[in-house]
Amino acid sequence: MRAALIKPILLLMVFFAISNSFAQYDPDLAKIQKNAYEDDPDVLLKKLTRIKSKITRPADKALYKRALAQYYIGVNNDANAFKVLKEAQKIYHAIDSTEAEMEIYRMLFNTIFYSEATSTDAWPYAEEYLKYAEASGNKEKMINAFLMQADYYQVEGKANVSLKFYRKALLLANQQNDRVSQSAVYTNLSLLFTDYLKMPDSALYYLKKDIPYLEKSGDLTDLSSNYANQAAAYSVLGDYKKAIEVSKTAFDLPIKKYRNKEKEIFAYRISTYYSELKDYKNAYQYLELSNKYHDSVKEEQQHAVIRDLETKYKTKEKELENKVLKGDMQTNRILLYTAIAIAIAIGSISALIIKNSRRKEKISRQEKIIDQQKLEKVLKDHELQSIDLLLEGQERERQRIANDLHDNLGSMLATLKMNFENLKMRKNGVDATEAMLFERTDELIEEAYHKVRRLAHTNNAGVLAAEGLIPAVKKLVDKISTPGKLEMQFIPYGFTKPLDNTLEIAIFRLIQELSTNIIKHSQATEATVQLTNHEDSINIIIEDNGVGFDPAQIKSDGMGIATIHQKIAQLKGTITIDSIPGKGATIIIELPL
């Protein structure tokens with residue numbers, strides 16, 4: 001679904017890059033290729049069919065295949081697109097047209113990268129194009145190379161490496177004032193921040209920054225992709241109402257190209273967002289609408305196959321007629337080709353009937369999967385409610401113990417100390433040993449009183465007191481910091497009013513648990529706790545310069561990870577752990593308000 005939305009942007013960049021290199025080709029063919037991205041697939045196929053007989057030179061054959069690949073991409077037939085692009089690449093290589101061959105490499109990379117139609121590795125094409133771009137010294141080509149590198153590493157799960165290449169591409173695009181490239185980088189950065197770095201706020205920043213350019217350009221397909229990515233970011237933030245709003249805006253855009261596919265995708269997404277809001281009536285309506293557009297897409301693909309067969313049949317029929325006129329063919333061979341064409345048509349129609357039957361079966365299976373997912377969600381909600389009750393019970397028990405220590409045992413010790421002081425004042429004539437015993441007993445009572453008081457305050461954690469979350473965390477950090485051993489810094493931002501007391505306690509416990517892990521395991525000399533209030537979410541970032549660790553190697557019950565994950569799940573938040581052995585650790589927690 002994501003590939004269908006962002007592929008047009010990348011293909012547009014390819015065609016802009018080659019728009020000035022058509023002088024060596026047949027003028028009519030060059031014009032068709034230049035407008036291939038904008039044309040409806042049916043219109044493009046008719047143009048190519050009319051001009052095919054004129055194509056004789058190798059360069060024209062390669063350009064024709066490039067335009068034909070655009071047609072196949074337009075009807076979602078990426079397997080055939082890959083095939084004809086490979087044929088074009090071989091022709092350009094044979095005639096030593098390096099620049100054109102490298103542009104084919106870009107198209108091959110994107111076709112492989114955003115399609116499941118082939119298992120071919122996309123990396124060699126990206127690597128070859130990078131060498132070419134570096135050798136040329138052309139900044140526009142370097143932007144394209146960086147984007148290819150970034151896309152590849154993003155899907156490989158190396159988000160930080162991908163981010164580095166996107167930033168390189170954006171820097172060059174800004175220097176060149178290349179708005180097309182800037183727009184492409186903004187789109188891909190938003191996907192990286194949403195899907196991999198789990199920073200939807202950053203994704204929304206780049207997407208909204210790109211809106212004025214997209215509206216000015218008038219490219220509704222790219223604008224639609226932008227709204228789709230905004231909706232995805234809002235859904236990660238849990239703001240499903242906003243996700244529905246921007247998705248409906250995109251759904252209503254008067255898109256011409258890929259229209260039914262786009263509407264199928266948006267209707268399905270809106271259905272899922274309504275489902276998250278438990279508005280199952282609207283969810284079902286949009287799911288039905290998605291299925292309707294899905295059927296339309298399938299019909300378009302079937303019509304494309306039939307048109308392709310008709311074109312081949314008419315071409316073959318014309319060839320047969322010419323050969324009959326020249327006396328090169330016999331009647332029996334005409335009949336044979338006709339029979340073959342009819343057999344192909346019958347086979348194709350049968351295949352379409354079978355596909356339609358299978359599609360209905362698939363829809364039925366999808367409906368069952370949706371019902372199963374709803375049941376799993378109910379069970380998950382029940383599990384989270386149980387965890388919530390458990391944590392609330394633990395907190396109440398902490399408070400009860402603290403109150404008992406402070407009010408009962410603390411009061412008893414204070415009374416004992418006061419009575420003992422009176423006893424000391426009445427002592428007369430005691431020897432040195434007894435006097436020392438009096439002093440020692442007094443010291444023990446004093447020590448016991450202070451220990452009970454500290455224990456009561458530790459259980460209350462300072463969060464329930466009038467000062468609130470920020471002073472409590474500051475007090476915790478000050479207590480942990482040890483000059484010359486561990487310097488810990490606390491940076492709060494945006495806390496102009498108190499939060500709900502239960503949430504403040506939960507946040508404090510998370511920071512306390514993670515700070516304890518730093519002391520026990522990290523061997524760090526510096527650490528930072530950042531606490532930011534975004535009005536609709538709380539962001540916690542805890543960093544240290546310690547020995548680091550491999551997150552994949554941590555046991556689920558080690559370092560309190562299981563408890564931390566339970567607390568965050570109960571709060572409907574997310575946690576990201578970024579650490580490499582020897583490089584310290586960064587833990588990012590997002591909690592919705």
Side-chain angles (χ1 to χ4, degrees), residues 2-3 5-21 37 99 102-103 105-107 109-110 113-114 122 125-156 158-230 232-233 246 578:
R2 169 188 156 190
L5 290 171
I6 65 175
K7 183 160 57 176
I9 294 175
L10 298 169
L11 292 173
L12 179 60
M13 291 179 63
V14 172
F15 285 102
F16 276 174
I18 63 176
S19 61
N20 296 321
S21 59
Y37 176 76
E99 182 173 358
M102 289 301 106
E103 292 304 329
Y105 269 48
R106 286 185 63 205
M107 292 184 71
F109 174 86
N110 291 329
F113 196 75
Y114 297 105
Y125 297 105
E127 190 175 38
E128 196 68 24
Y129 190 90
L130 177 62
K131 293 177 184 177
Y132 163 73
E134 289 175 338
S136 71
N138 185 294
K139 290 188 177 181
E140 184 179 349
K141 291 180 172 59
M142 286 302 301
I143 291 172
N144 296 333
F146 288 146
L147 285 173
M148 293 164 75
Q149 303 272 315
D151 288 346
Y152 184 86
Y153 283 118
Q154 177 178 340
V155 173
E156 286 296 305
K158 299 179 181 178
N160 290 329
V161 180
S162 176
L163 181 60
K164 179 181 72 174
F165 281 103
Y166 279 136
R167 284 176 173 165
K168 285 185 176 182
L170 186 58
L171 179 62
L172 281 180
N174 291 340
Q175 291 173 354
Q176 300 294 105
N177 196 26
D178 183 350
R179 289 298 290 116
V180 174
S181 297
Q182 286 174 344
S183 181
V185 176
Y186 290 156
T187 298
N188 286 279
L189 272 173
S190 72
L191 294 169
L192 179 69
F193 279 117
T194 300
D195 295 343
Y196 295 90
L197 296 176
K198 303 303 178 188
M199 298 171 66
D201 287 337
S202 297
L204 288 169
Y205 167 79
Y206 285 106
L207 290 167
K208 292 177 180 178
K209 189 175 182 180
D210 202 29
I211 286 290
Y213 165 74
L214 295 177
E215 290 178 340
K216 186 178 180 181
S217 70
D219 192 319
L220 298 180
T221 302
D222 293 351
L223 186 61
S224 171
S225 299
N226 183 288
Y227 285 129
N229 294 330
Q230 282 194 49
V246 295
D578 183 9

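All figures in this text were calculated on a predicted structure; none of them were measured in a lab.
Contact of the Leu214 side chain with the Arg179 side chain is not registered, since no non-hydrogen atoms from C-beta on lie closer than 4.5 Å. Looking at heavy atoms from C-beta onward, Asn229 lies out of side-chain contact with Thr194 at the 4.5 angstrom threshold. Between Asp151 and Tyr166, the closest side-chain pair of non-hydrogen atoms falls below 4.5 Å.
Side-chain rings of Phe165 and Tyr153 approach one another, their centers coming within less than 6.0 Å.
Of all heavy-atom pairs between Met148 and Phe109, the closest is O-CZ, 3.3 Å. Taking all atoms of both residues into account, the shortest heavy-atom contact from Glu215 to Leu223 is CG-CD1, 4.2 Å. Between Ala233 and Pro200, the shortest heavy-atom distance links the atoms O-CB, 3.5 Å. Nearest heavy-atom pair across Ser190 and Ala203 is O-CB, 3.3 Å. Between Ser162 and Ala150, the closest heavy-atom pair is OG-O, 2.8 Å.
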Quiz item: Could you go step by step and tell me if Leu192 and Leu163 meet the side chain to side chain contact (heavy atoms under 4.5 Å, CB included) rule?
Solution: CA-CA 8 Å; Leu192 179 69; Leu163 181 60; 3.7 Å; yes
Quiz prompt | Test side chain to side chain contact (heavy atoms under 4.5 Å, CB included) applied to Tyr227 and Leu207, step by step | solution = CA-CA 8 Å; Tyr227 285 129; Leu207 290 167; over 6 Å; no
Self-check item: Test side-chain hydrogen bond (donor to acceptor under 3.5 Å, both in side chains) applied to Gln182 and Asp178, step by step
Solution: CA-CA 6 Å; Gln182 286 174 344; Asp178 183 350; over 6 Å; no
Practice problem: Could you go through the side chain to side chain contact (heavy atoms under 4.5 Å, CB included) check for Lys168 and Leu172 one step at a time? | Solution: CA-CA 6 Å; Lys168 285 185 176 182; Leu172 281 180; over 6 Å; no
Exercise. Using the side chain to side chain contact (heavy atoms under 4.5 Å, CB included) rule, take Tyr129 and Lys141 through it: C-alpha gap first, then chi angles, then the decisive distance, then the call.
Key: CA-CA 9 Å; Tyr129 190 90; Lys141 291 180 172 59; 3.7 Å; yes
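Test Leu171, Asn177, Leu170 against Asn174 for side chain to side chain contact (heavy atoms under 4.5 Å, CB included) and you get one pass: Leu170.
Geometrically, Lys216 does not engage Tyr213 in a cation-pi contact defined by less than 6.0 Å to the ring centre and at most 45° from the axis.
Taking a 6.0 Å sphere around CZ of Arg167, one finds it holds 12 or fewer heavy atoms contributed by other residues, nucleotides or ligands. By the 6.0 Å contact criterion, OH on Tyr205 is open, its count of non-hydrogen atoms from other residues, nucleotides or ligands being 12 or less.
Separation of atoms CE (Met142) and CG (Leu147) is listed at 11.0 Å; rounding is to 0.5 Å. Rounding to the nearest 0.5 Å places NZ of Lys208 at 15.5 Å from OH of Tyr186. Taking CE of Met107 as the start and OH of Tyr125 as the end, the distance is 13.0 Å to the nearest 0.5 Å. How far CG of Leu189 is from OG of Ser202: 9.5 Å, rounded to the nearest 0.5 Å. Atom CD of residue Gln149 and atom CG of residue Leu130 lie 4.5 Å apart, to the nearest 0.5 angstrom.
No side-chain N or O of Asn144 forms a donor-acceptor pair with one of Glu140 less than 3.5 Å apart.
Between the side chain of Thr187 and the main chain of Ser183, a donor-acceptor pair closer than 3.5 Å is present.
Ring orientation note: the planes of Phe193 and Tyr206 are close to parallel, at an angle under 30° on the 30°/60° scale.
Using a cutoff of 4.0 Å between basic side-chain nitrogens and carboxylate oxygens, Lys131 and Glu134 are not scored as salt-bridged.
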